[in-house]
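Chain letters run A, B, ... following the sequence lines, proteins first and then strands; every chain starts at 1.
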Amino acid sequence: MKSSSVMQDTGRPLKNHAGLGQTLRNSLTMAYRGLLKIRRTPEQLFDVTLQPILFTLMFTYIFGGAISGNVHNYLPIIIPGILVQTVIATSIVTGVQLREDMDKGVFDRFKSLPIARIAPLAGALLADTIRYTIATVLTFVMGYIMGYRPEGGMGFVVIAGLLVIVCSWAVSWIFAFFGVIARTAASVQGISMIVLFPLTFLSNAFVPVNTMPDWLQWFVKINPISHLVSAVRELANNGAIGAEFTLSLISAAAIVAVFAPLTVRAYMRRT
Amino acid sequence: MIAQIKPAQSASVGATHAVFIQRSILHSVRNTEALIMAIMLPIMLMLLFTYVFGGALDPGGNYVNYVVPGIILLCAGFGSSSAAVDVAGDMTNGIIDRFRTMPIRSMSVIVGHVIASLARNLVATAVVFGLALLVGFRPSAGFVEWLAAVGVITLFILAITWLYAAIGLVAGSPSAASGYGFALLFLPYLSSAFVPTHTMPAWLRGVADNQPITPIIETIRGLLTGSPIHDSAYWAVGWCALILAGSYLWASWSFHRKAGRR
């Protein structure tokens, strides 16, 4: 007698796609997984805890006197610069961890679960906003301890922090794309640093633009990181929402508009 | 008649060292990522400090002459730090046990790493000098001053490499060695490498003026550009000799404790 598999009618229709509500729930669950990973391996947070502290101390005390005459005058320049540099650099981790997860085969396990296929990717990007928040708060706290008093007031400091978090989340789509298409986690790190190093250092984050050679100034002025740093300075130091703020948000939206579909398509193809 | 088996004759110290130096250099050449980084780091730092920070730190436009010695030492420190990772790798992957079965001085493994690292770093230093000349570095040194500067740089690289080798021996893994070594890379920043110490806050100036890197940098800067050296030269050689002797003894003791004597 031939063995035959019997399908029982459970009375509920089977779906091969997830609705918006389920996708959101699954993404939040995956984001929670990301937070659990941070809790279990707190050394993951070294970059968002140590980097803002070390960089702020180093740049302010070592270069502050030479660049601005004294440390106090340099703080309004450097704190927004360090903030942007640290938080944007943190977004590299998104791509690196994504690649590590894909290499470990955990995504193959997720494929077998009745969850939205996009949830692991969306969850990872969502969880990393916590990292950006930690880095943002730490940088401002470090600045405050060192004597930085933002003229814009607390409300504008919060807006500045949110702007940096939103822009970093947008940039993390680029690194998520690298994470999906690259072969190893090390290569994601390498590619990301090659992209990020010139963008962060060839900006107005650390020194005034007018002290640079003319041929370098034109690049610094069109560099999106420079616009973001200027927007944060305007908000925190002057309490003003200017053109730089709008430009930063438009840039962030453009990055998401380009890289989110690319990343999702590449991710769907790879998984 | 029972044949007498003669014990294998130990290879000469020089020959053993040569083999292990060659081994370490081969490893370096094959590690493309580290090789690219060793070339790229000096280039990036030189361009960054000359063009991005240079105008703000020295509006007179003479900053490149000031910063070159600092970049040389920073890159030498970075290049030497790979010795810690390589030594830790050898100590943890079982290769030392293989070497101990051979009629060789097992400490040669460490000597090989150190000399190979020294050679790598001297090449990197030459790259820094070449790039510095391209971006406007104009040394006023004569032949004797150049010779003395290269001597101080070589002594510093040798001392710091032995220190990293010792760190690699006591570290539990290559990643731990990398972490411990990373802390040392901050020393050049807390010195007169990039800015004169008088521009720093008083409490930091005390640290910067009295740490080993500052007199070494001031000596190299003085020899190459003619700025006053004062007693920095004695302090520079003294610090290098002290670090070298201390690190060599620490490395020897750690190696024999971990790998046994031969």
Side-chain angles (χ1 to χ4, degrees), chain A residues 43 46-47 50-51 53-55 57-75 77-78 81 85 146-147 184-187 189-191 193-194 196-220 223 225-226, chain B residues 31-37 40-41 43-61 63-64 66-67 70 74 135-136 175-176 178-179 182-183 185-209 211 213-214:
Chain A
E43 60 268 22
F46 277 5
D47 61 337
L50 287 180
Q51 195 177 318
I53 294 168
L54 282 173
F55 269 66
L57 288 170
M58 192 175 82
F59 273 97
T60 308
Y61 288 123
I62 294 170
F63 298 112
I67 292 171
S68 295
N70 61 55
V71 166
H72 188 73
N73 291 347
Y74 191 50
L75 285 169
I77 298 171
I78 194 65
Q85 193 232 23
M146 291 166 73
T184 62
S187 63
Q189 184 107 34
I191 296 163
M193 286 309 290
I194 288 165
L196 215 56
F197 188 89
L199 283 176
T200 50
F201 282 101
L202 303 183
S203 72
N204 62 356
F206 304 105
V207 290
V209 186
N210 59 0
T211 63
M212 297 178 194
D214 295 337
W215 58 267
L216 189 57
Q217 283 188 32
W218 76 266
F219 176 78
V220 173
N223 182 351
I225 299 288
S226 294
Chain B
N31 188 350
T32 323
E33 205 172 282
L35 203 63
I36 291 167
M37 194 61 185
M40 286 302 291
L41 183 82
I43 294 171
M44 289 194 300
L45 282 174
M46 181 68 74
L47 297 175
L48 179 72
F49 277 101
T50 306
Y51 294 119
V52 179
F53 294 109
L57 294 170
D58 182 6
Y63 186 64
V64 66
Y66 182 88
V67 82
L74 186 65
V135 298
S175 57
S178 177
F182 185 71
L185 294 178
F186 276 94
L187 274 179
Y189 289 102
L190 303 175
S191 72
S192 62
F194 301 109
V195 290
T197 55
H198 67 78
T199 64
M200 298 176 187
W203 61 270
L204 187 59
R205 196 182 312 147
V207 175
D209 284 336
Q211 62 123 318
I213 303 291
T214 298

If you measure from CD1 on A:Ile62 to OG on B:Ser192, what distance do you get to the nearest 0.5 Å? 11.5 Å
Can you tell me how far CG of B:Leu48 sits from CZ of A:Phe201, rounded to the nearest 0.5 angstrom? 6.0 Å
Ranked by heavy-atom pairs below 4.5 Å to chain B, first place among A:Thr211, A:Ile67, A:Leu202 goes to A:Thr211
What's the shortest heavy-atom distance between B:Ala56 and A:Val207, and which atoms? CB-CG1, 3.6 Å
Hey, are the side chains of A:Phe63 and B:Phe53 touching, using non-hydrogen atoms and a 4.5 Å cut-off? no
Measuring from atom CG of A:Asn70 to atom OG1 of B:Thr199, what distance do you get when rounded to the nearest 0.5 angstrom? 11.0 Å
Working to the nearest 0.5 Å, report the span between CG of B:Leu47 and CG of A:Leu216. 10.0 Å
Check whether B:Val195 gets within reach of chain A through its side chain, its backbone, both or neither, counting any heavy atom under 4.5 Å. side chain
Segment of A:Met212 engaging chain B (4.5 angstrom heavy-atom cut-off): both
Of A:Ser68, A:Gly190, A:Ala66, the largest count of non-hydrogen pairs under 4.5 angstrom with chain B goes to A:Ala66
Contact origin within B:Leu190 toward chain A - heavy atom pairs under 4.5 Å: both
If one checks every heavy atom of A:Phe59 against chain B at 4.5 Å, the contacting part turns out to be side chain
Return the minimal non-hydrogen interatomic distance between B:Tyr189 and A:Met58, and the atom names on each side. CG-SD, 3.8 Å
